[in-house]
Amino acid sequence: DYLNSFSLEADYVINDDNDKFYFDIYCGLNYHQLKYHTNNSIITTNQVSMFLSGDAYWNINKVFKCYATFYYHSPWMLDDLNSGYQLDVNVGIAAVFNKRKIRIALEGNDLFARQIAPTYYERSYLNVNEKVYNKYDSRGISLSFRYSFDSHKIRFRQASSNSSTTQRAD
């Protein structure tokens with residue numbers, strides 16, 4: 001009995017020099033092979049799945065900013081469990097005022113109602129077949145208001161070990 005998994009992943013970022021636009025995409029392919037013995041027979045399953053995620057924003061001007069995040073994962077296999085896809089898309093617009101002390105944002109979350117993963121799963125073992133559908137609605141719209149009372153930045157100092165401790169570790 002064994003499980004083989006291989007993956008190939010890539011990340012790509014596009015942004016301009018004056019921080020007006022930003023786009024980051026991360027994607028990958030996964031291959032899973034499961035082989036096990038049951039009822040005096042050998043069962044082998046092979047599956048290829050892919051995922052894609054990204055973040056983007058666009059600074060319209062010094063006050064308004066539009067942004068979006070997305071994530072998709074095709075049906076995949078984990079051990080002997082076949083899982084359905086996942087899709088999550090969020091969008092929003094934000095505005096800042098009063099020297100960036102006030103932020104007002106309107107956001108839409110889980111636009112396709114598929115954020116809860118997996119959308120289904122199924123398992124077959126011996127003579128038992130099981131299939132479960134997950135149906136949750138996590139869609140929403142939020143309006144937020146944030147005010148920052150403090151105007152100075154907090155600085156952190158990085159701690160480091162002394163040289164004798166580092167030399168003893170070598």
Side-chain angles (χ1 to χ4, degrees), residues 5-32 48-79 81-121 132-170:
S5 294
F6 304 98
S7 66
L8 175 65
E9 300 174 4
D11 188 18
Y12 189 71
V13 176
I14 302 171
N15 63 344
D16 61 352
D17 292 335
N18 57 2
D19 199 35
K20 184 98 172 154
F21 177 78
Y22 174 85
F23 182 74
D24 179 13
I25 189 164
Y26 179 62
C27 60
L29 289 171
N30 298 317
Y31 170 74
H32 297 281
V48 175
S49 64
M50 62 88 61
F51 65 90
L52 178 69
S53 69
D55 298 307
Y57 70 77
W58 176 42
N59 288 321
I60 300 170
N61 53 34
K62 291 185 178 185
V63 175
F64 291 100
K65 178 181 188 175
C66 294
Y67 51 93
T69 62
F70 64 90
Y71 177 79
Y72 172 77
H73 199 294
S74 67
W76 72 93
M77 179 175 69
L78 178 64
D79 295 333
L81 183 71
N82 289 319
S83 299
Y85 72 96
Q86 179 183 6
L87 174 64
D88 185 21
V89 177
N90 305 307
V91 295
I93 186 166
V96 292
F97 306 100
N98 195 14
K99 297 180 184 177
R100 304 187 65 85
K101 285 187 172 190
I102 297 174
R103 180 180 185 268
I104 299 172
L106 178 64
E107 299 177 352
N109 298 312
D110 193 19
L111 299 182
F112 299 103
R114 297 289 185 257
Q115 178 183 23
I116 306 299
T119 50
Y120 71 87
Y121 68 86
V132 175
Y133 290 94
N134 292 324
K135 182 64 179 165
Y136 300 99
D137 192 353
S138 60
R139 291 176 292 183
I141 296 175
S142 65
L143 177 65
S144 62
F145 176 83
R146 184 171 57 195
Y147 182 81
S148 176
F149 292 98
D150 211 355
S151 62
H152 67 280
K153 294 181 180 178
I154 299 172
R155 299 177 195 246
F156 292 98
R157 185 172 175 209
Q158 182 178 358
S160 62
S161 61
N162 62 23
S163 61
S164 64
T165 304
T166 306
Q167 290 172 354
R168 276 186 299 181
D170 290 340

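Numbers here simply count residues along the sequence, with the first being 1. Not measured: the values here are computed from a predicted model. Just so you know, these numbers use all the heavy atoms, side chains as well, and skip hydrogens, waters and symmetry mates.
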Are the side chains of [X] and [Y] in touch, meaning some heavy atoms are under 4.5 Å apart?
{"X": "Y31", "Y": "L8", "result": "no"}
{"X": "Y67", "Y": "D55", "result": "no"}
{"X": "D11", "Y": "I25", "result": "no"}
{"X": "I102", "Y": "V96", "result": "no"}
{"X": "I104", "Y": "L143", "result": "yes"}

* Begin from the C-alpha positions of S142 and N109 and carry the test side chain to side chain contact (heavy atoms under 4.5 Å, CB included) through to its verdict. => CA-CA 8 Å; S142 65; N109 298 312; 4.2 Å; yes
At their closest point, which heavy atom of [X] faces which heavy atom of [Y], and how far apart are they?
{"X": "W76", "Y": "G84", "result": "CZ3-O, 2.9 Å"}
{"X": "D110", "Y": "R139", "result": "O-CG, 2.6 Å"}
{"X": "H73", "Y": "N30", "result": "NE2-ND2, 4.0 Å"}

* Asked: Does the side chain of N90 come under 3.5 Å of the side chain of T69 through a donor N or O and an acceptor N or O?
  ->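 Side-chain D/A pair, N90 to T69: present.
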* Between Y147 and F149, does the ring centroid distance fall short of 6.0 Å? ->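 Here the rings of F149 and Y147 have centres that are less than 6.0 Å from each other.
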Could you grab the distance from atom [atom1] of [X] to atom [atom2] of [Y], nearest 0.5 Å is fine?
{"X": "S74", "Y": "L87", "atom1": "OG", "atom2": "CG", "value": "12.0 Å"}
{"X": "I93", "Y": "Y57", "atom1": "CD1", "atom2": "OH", "value": "15.5 Å"}
{"X": "K65", "Y": "W58", "atom1": "NZ", "atom2": "CH2", "value": "13.5 Å"}
{"X": "K20", "Y": "I60", "atom1": "NZ", "atom2": "CD1", "value": "8.0 Å"}
{"X": "F51", "Y": "S7", "atom1": "CZ", "atom2": "OG", "value": "7.0 Å"}
{"X": "S144", "Y": "L106", "atom1": "OG", "atom2": "CG", "value": "8.5 Å"}

* Asked: Are Y26 and E9 close enough, and set up right, to give a side chain to side chain donor-acceptor pair (under 3.5 Å), and what steps lead you there?
  -> CA-CA 7 Å; Y26 179 62; E9 300 174 4; 2.3 Å; yes
* Give a yes or no on whether Y133 atom OH has more than 12 heavy-atom contacts from other residues, nucleotides or ligands under 6.0 Å away. => no
* Flag yes if more than 12 heavy atoms outside I141 fall under 6.0 Å of its CD1 atom; otherwise flag no. => no
* Please work out which of the three classes, parallel, tilted or perpendicular, describes the rings of F21 and F23, given edges at 30° and 60°. =>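 Judged by the thresholds at 30° and 60°, the geometry between F23 and F21 is parallel.
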* Run the side chain to side chain contact (heavy atoms under 4.5 Å, CB included) check on F145 and R103 step by step: do they pass? -> CA-CA 6 Å; F145 176 83; R103 180 180 185 268; over 6 Å; no
* Test side chain to side chain contact (heavy atoms under 4.5 Å, CB included) on N59 and F64 and set out the steps. => CA-CA 6 Å; N59 288 321; F64 291 100; over 6 Å; no
